[in-house]
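All remarks here apply to the structure that follows.
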Amino acid sequence: MSLLTCNGRIANGADLAPALVNYGHFSSLQVRDGAVQGLALHLQRLAHGTEALFGSTLDTAQVRQWMAQALQQAGMPCASLRVTVFSSRFSFREPLAAVPVDVLVAVAPPVTLQAPARVRSVRWQREWPALKHVGTFGLFAQRRAAMAAGFDDALLLDAQGRLSEGTTWNLAVQRDGQLLWPQADALRGTTEALLQAGWPGPSRWQALALDELGSVDAAFACNASGIWPLAAIDGHVLAGSSALAGQARAVLAAVPWNPLQP
């Protein structure tokens, strides 16, 4: 991490101590030359999470300004940003109390994920899957267990055994020339939304059971850090994944970048 700010100023220990309560939400994004793809989607996610967890309205214009300011302070026009919303006034003893929120902006070097991955499936689901909350323990534990077993990551299944999402990424698969997005409770990602909006061929939501993988030709994973092919799922080799991921990258490359500075 290169810089951490809280409410627009350099963060100190007193600012960070309340974050240990582990009640909050965030969005992670990539910045290139001071601009972000899908900026409105990230701000909408942060506003929704603030309403859901704290019952209050987030000043997204102020958050956008703090994001741009943090980049300037770090001297990094290209970076990875994580914007976390929590509250130093929140108390688990009075969780319904109306409290103001605080915003952490973490600036780190930029990343782009593209390397193929081999993943294994596991029946496990995050608490409150639709919200990008800070409760990431289970996700990282599942990733670690998958890596210990010789895989690169874990693909999560819901209670009904349907494909849902990866530990920190969304999934798309190709079957009979059609792109399918798993229809199950999951965190709907910003990159996923941008790809769905711009995909040139047939695509749709589809509930997918694990035993249907035999009919899948290719698959890719995506999040704000990039798009990468899934070389295999549970040992089922997906020979067309590199080509499909390349097609997805071409779609994303056409998406405009929105400047953080209005």
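The first residue in the sequence is number 1, and the count goes up from there. All values below were derived from every heavy atom in this structure, side-chain atoms included, with hydrogens, water molecules and symmetry-related copies excluded.
- Although no hydrogens or angles enter the test, the distance criterion places a donor-acceptor pair under 3.5 Å between the side chain of Arg249 and the main chain of Ile227.
- Using a 4.5 Å heavy-atom threshold, the side chains of Leu39 and Trp257 count as separate.
- Under the 3.5 Å distance criterion, the side-chain polar atoms of His25 are left unmatched by any main-chain donor or acceptor of His48.
- Listed for the Ser241 side chain is a donor-acceptor partner under 3.5 Å among the backbone atoms of Ala219.
- A side-chain donor-acceptor contact under 3.5 Å links Asp234 and Ser121.
- Between the side chain of Arg188 and the backbone N or O of Ala130, no donor-acceptor pair lies under 3.5 Å.
- One N or O on the side chain of Asn170 and one on the backbone of Leu187 form a donor-acceptor pair closer than 3.5 Å.
- Annotation: Gln72, atom CD; neighbour count of heavy atoms from other residues, nucleotides and ligands within 6.0 Å does not exceed 12.
- Across all their heavy atoms, Ala193 and Leu41 have their closest contact at CB-CD1, 3.9 Å.
- Residues Leu3 and Met76 have side chains not in contact (no heavy-atom distance under 4.5 Å, counting atoms from C-beta outward).
- Within 6.0 Å of CZ on Arg32 lie more than 12 heavy atoms contributed by other residues, nucleotides or ligands.
- Summarising the local packing, CZ of Arg89 is surrounded by 12 or fewer heavy atoms from other residues, nucleotides or ligands at distances under 6.0 Å.
- Counting heavy atoms from C-beta outward, Arg175 and Leu208 have side chains that approach closer than 4.5 Å.
- When every heavy atom of Arg45 is checked against every heavy atom of Phe26, the shortest pair comes out as CD-O, 3.8 Å.
- What you find for Leu29 and Met67 is that their closest heavy atoms are CD1-CE, 3.5 Å.
- Of all heavy-atom pairs spanning Val255 and Gln37, the tightest one is O-NE2, 3.0 Å.
- Side chain of Arg126 to backbone of Leu131: a donor-acceptor contact under 3.5 angstrom is found.
- In this structure, Leu179 CG and Leu195 CG are separated by 8.5 Å, a value rounded to the nearest 0.5 Å.
- With hydrogens and angles ignored, the 3.5 Å screen pairs no side-chain donor or acceptor of Asp185 with any backbone N or O of Pro129.
- The two residues Ala184 and Leu163 come nearest to each other via the heavy atoms CB-O, 3.5 Å.
- At a threshold of 4.5 Å between non-hydrogen side-chain atoms, the residues Asp217 and Leu238 do not count as touching.
- Looking at Leu104 and Cys6, their side chains come closer than 4.5 Å, going by heavy atoms from C-beta outward.
- Within the 4.5 Å cutoff, the side chain of Trp66 has heavy atoms near those of the Asn7 side chain.
- Note on ring orientation: taking the six-membered ring where Trp is involved, the planes of Trp205 and Trp181 are tilted (angle from 30° to 60°).
- Screening Arg143, Gln142, Arg120 against Asp153 for a side-chain hydrogen bond (donor to acceptor under 3.5 Å, both in side chains) leaves a single residue, Arg143.
- The backbone N or O of Leu180 lies less than 3.5 Å from no partner atom in the side chain of Ser203, so there is not a single donor-acceptor pair.
- The backbone N or O of Val111 lies less than 3.5 Å from a partner atom in the side chain of Gln30, making a donor-acceptor pair.
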Checklist entry - Where do Arg118 and Asp152 land on the salt bridge (Lys or Arg N to Asp or Glu O under 4.0 Å) test, with the steps shown first? => result CA-CA 5 Å; Arg118 296 170 56 256; Asp152 298 306; 5.1 Å; no
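- Side-chain atoms of Leu53 and Phe86, non-hydrogen and from C-beta on, never get closer than 4.5 Å to each other.
- Counting only heavy atoms from C-beta outward, the side chains of Phe90 and Pro95 approach each other to under 4.5 Å.
- Nearest heavy-atom pair, Asn258 versus Gly38, reported as atom, atom and distance to 0.1 Å: OD1-N, 3.6 Å.
- The backbone N or O of Pro100 sits less than 3.5 Å from a side-chain atom of Ser87, completing a donor-acceptor pair.
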